[in-house]
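Notes for the one structure printed next.
Just follow the structure's listing: the first ligand is 1, and inside any ligand the first atom is 1. All residue numbers in this chain count up from 1 along the given sequence.
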Amino acid sequence: MHSLKVNLRMLKILRSYSPGYYLLCAFTSLFGQLQFYYNLWISAEIVTELSNSRDVQKIWFLVAAALCVNLLLKLFSALLDYLSRKAHGLLLANEKAAFTKKLLSLDYAKLEDPEIRNLRRKVEENSYINNYGSNYFITHIRALMDILFNLAYSAFLFAEMISYAAKNGFDAAALLLGLSMCAAVAGRIILSNYGAKKTGEADKRLGDAMLEINRYSRGFPTSNSMGKDVRIYRLAPIVEELDRRAIDMQTKFFSEFWNTMFKYIDLPESGVNFLINTLSYLFTCYYCLAGVFPIGSVIKYVGYLNRFTGNAELLFENIFQLKYNTVFLEQYLEFFDIKNDMYQGSLSVEKRSDRKFDVEFKNVSFCYPGSDEFAIKNINFKFRVGEKLAVVGMNGSGKTTLIKLLCRLYDPTEGEIVMNDFNIRKYDYRQYLDLYSVVFQDYNLLAFSLGQNVAASPEFDKNRVKATLCDAGFGERLDTLPLGIETPLYKNFDADGVEISGGEAQKIALARALYRSSPFIILDEPTAALDPMAEAEIYSHFNDIVGGRTAIYISHRLSSCRFCDRILVLDRGEIVQYGTHEELLSDENGKYFELWNAQAQYYNEKNT
Ligand code: ADP
């Protein structure tokens, strides 16, 4: 019952992705399967006519009808097939798009939640690698329609056969044959049901093995970015070992699957089929000899009985498989059911021309989902509009976490962040996010045009994009690009795309932050890969460009941020110092003094 409910819910969801799909499939099955039964019926009619009155005109008529109806059915089926394939394409595309949309709309906190990450991995692997879940459901519902129409057509022929046989009555021999046939059909269904269960289990083991194999292959260091390490450290033997393991697993589980299939499906099926065929021939021949069935019935009834038993068996197999797939559908639906619980707020963020947004952290502590340690503890500080604030501290001291909280990617576990006297949770979430331009350490650029990357939008102001790129130090490189700001980045979609260096990517990411003229601008160590001197240069140059905006600079290198108005020093999630560079350095017992001296080796006289 529960399984039925889950499957029906899935059906409803998929119908909304491609409304006509299942109706088209039903018509495709209706006409597609009709052809087989029509051919059985018309062949039987022709044979009967040939063996009876041999009326040439009637025979020619039957032959012509057979040819014409076949032609029409074929053409009509081809049209329906084309339409249903098109609808199927739409269904798959919309299903995939719905998954992406769900991912994009998830609260960031949910996206990073270890449990949800695990669920997402399972859904992606099962659906898009192993083809369980939604894809499996789509394929099996389609097959179910063929099966049901086959059974429905068979039911007509069965009724016809019984009504013929009833005319003659059922003597002992006919009853015995009929009952044996029913017993054989029931036996085949029971056997195949058992076989389906056994092969289902083997299929699951094969599926799990394939998942692992795919995990190996996705982890294979064969990508371009890994190419250097592979060559320098001679990683090829490790890769080959992984390959060998994948091949061994594949061979083992495939042969187990096919053995099970042969033992529990193919072998018993062949035996019972043989029995059913024998009984069907005996039954129909018996009635033909008694003059009850026309001669052609041998073709018709033997053919239909075979088809009927095959489809009855498939029906059970299909239902079993749909039931087995329910667990994957549940995971899939569970993912779609994840509710965002980030409070969205309703207070409008004032569009202040003076950009006066004063922010204060009040006793803020935060613990990541799934972790029981505080990433930051009891954070209290205020910063004023237009200030240049530096957040410094060792790796892991909580700098990025502080920014994630400020930008409301997460809400604090304890305490509150206040902007212009209101808890930031109260502001309209979208409007609040618009206040910030952040360049994270792991920023991403997209394989779209340079202009679209800078503007983060399909449409953009060309002159402003160019000016911003020049401000970010990308001007010279821009002059070398034949398509200018229309140049696609990377070659994912376009062979004319340009590959850019790490430094150039940073400049584009900085330009993207500048282009969005939001009142707060934050650099969260996007330059961590550079040496300390280069980072310090970029930070101070960037500071010249941001003008009157409130800027926050994050680094674990103290020299990068010494130009800032105030510096906040974090250590193990807590604020240990807050003040100007000079104030902090004058405290010889402070963390800042300790770090500054520890890092002094990096800087020459001129820079200290
Ligand atoms: P920093 O930016 O100073 O290097 P972070 O703010 O990134 O430090 O990290 C602070 C602490 O929070 C670290 O102990 C880190 O391991 C932990 N942390 C960071 N991100 C996550 C996360 N998504 N889930 C769990 N713990 C995290």
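Shown here, atom 21 (C) of ligand 1 is in close reach of the protein: a heavy atom of it lies under 4.0 Å off. For atom 16 (O) of ligand 1, the protein comes within 4.0 Å by no heavy atom at all.
Taking only non-hydrogen atoms, the option from Leu111, Ile554, Thr400 nearest to atom 2 (O) of ligand 1 is Thr400. Remark: among candidates Gly393, Ser397, Gly370, Gly396, the nearest residue to atom 14 (O) of ligand 1 is Gly396, based on non-hydrogen atoms. When the heavy atoms of Arg117, Gln441, Glu112 are ranked by distance to atom 23 (N) of ligand 1, first place goes to Glu112. Taking all heavy atoms of Tyr368, Tyr108, Phe366, Tyr410 into account, the minimum distance to atom 19 (C) of ligand 1 is reached by Tyr368.
The shortest N/O to N/O separation between Ser371 and ligand 1 does not fall below 3.5 Å. Residue Thr401 places at least one N or O, backbone or side chain, under 3.5 Å from an N or O of ligand 1. For ligand 1, none of its N or O atoms has an N or O atom of Glu525 under 3.5 Å away.
Salt bridge Arg572/Glu373: absent, no basic N to carboxylate O contact under 4.0 Å. A salt bridge is defined here as a Lys NZ or Arg NE, NH1 or NH2 lying under 4.0 Å from an Asp or Glu carboxylate O, and Arg566 with Glu387 meets this definition. Contact check on Lys466 versus Asp479 returns no salt bridge, with no Lys/Arg side-chain nitrogen under 4.0 Å from an Asp/Glu carboxylate oxygen. A salt bridge does not link Arg384 with Asp565: none of the charged nitrogens is closer than 4.0 Å to a carboxylate oxygen. With respect to the salt-bridge test (charged N to carboxylate O, under 4.0 angstrom), the residues Glu594 and Lys591 qualify. Remark: Lys252 does not engage Asp248 in a salt bridge, criterion side-chain N to carboxylate O under 4.0 Å.
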query = What's the verdict on ring-ring contact (aromatic ring centres under 6.0 Å, His included) for Tyr429 and Tyr427, showing C-alpha distance, side-chain angles and the deciding distance?
reply = CA-CA 6 Å; Tyr429 188 54; Tyr427 290 105; over 10 Å; no

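Residue contacts with ligand 1 include Met394, since one of its heavy atoms falls under 4.0 Å from the ligand.
Less than 4.0 angstrom separates some heavy atom of Ala375 from each of these atoms of ligand 1: 11 (C), 12 (O). Shown in contact with Asn395 at under 4.0 Å from a heavy atom are these atoms of ligand 1, numbered in order with element: 4 (O). Close approach to Lys399 involves these atoms of ligand 1, each under 4.0 Å from a residue heavy atom: 1 (P), 2 (O), 3 (O), 4 (O), 6 (O), 8 (O).
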Cut-off 3.5 Å, no hydrogens considered: what does the side-chain donor-acceptor table look like for residues 357-366, sequence neighbours left out?
{"unit_1": "Asp358", "atom_1": "OD1", "unit_2": "Val385", "atom_2": "N", "d": "3.2"}
{"unit_1": "Asp358", "atom_1": "OD2", "unit_2": "Lys356", "atom_2": "NZ", "d": "2.6"}
{"unit_1": "Asn363", "atom_1": "OD1", "unit_2": "Asn380", "atom_2": "ND2", "d": "3.0"}
{"unit_1": "Ser365", "atom_1": "OG", "unit_2": "Asn378", "atom_2": "N", "d": "2.9"}

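No close placement of the Tyr332 and Tyr132 rings is indicated, their centers lying 6.0 Å or farther apart.
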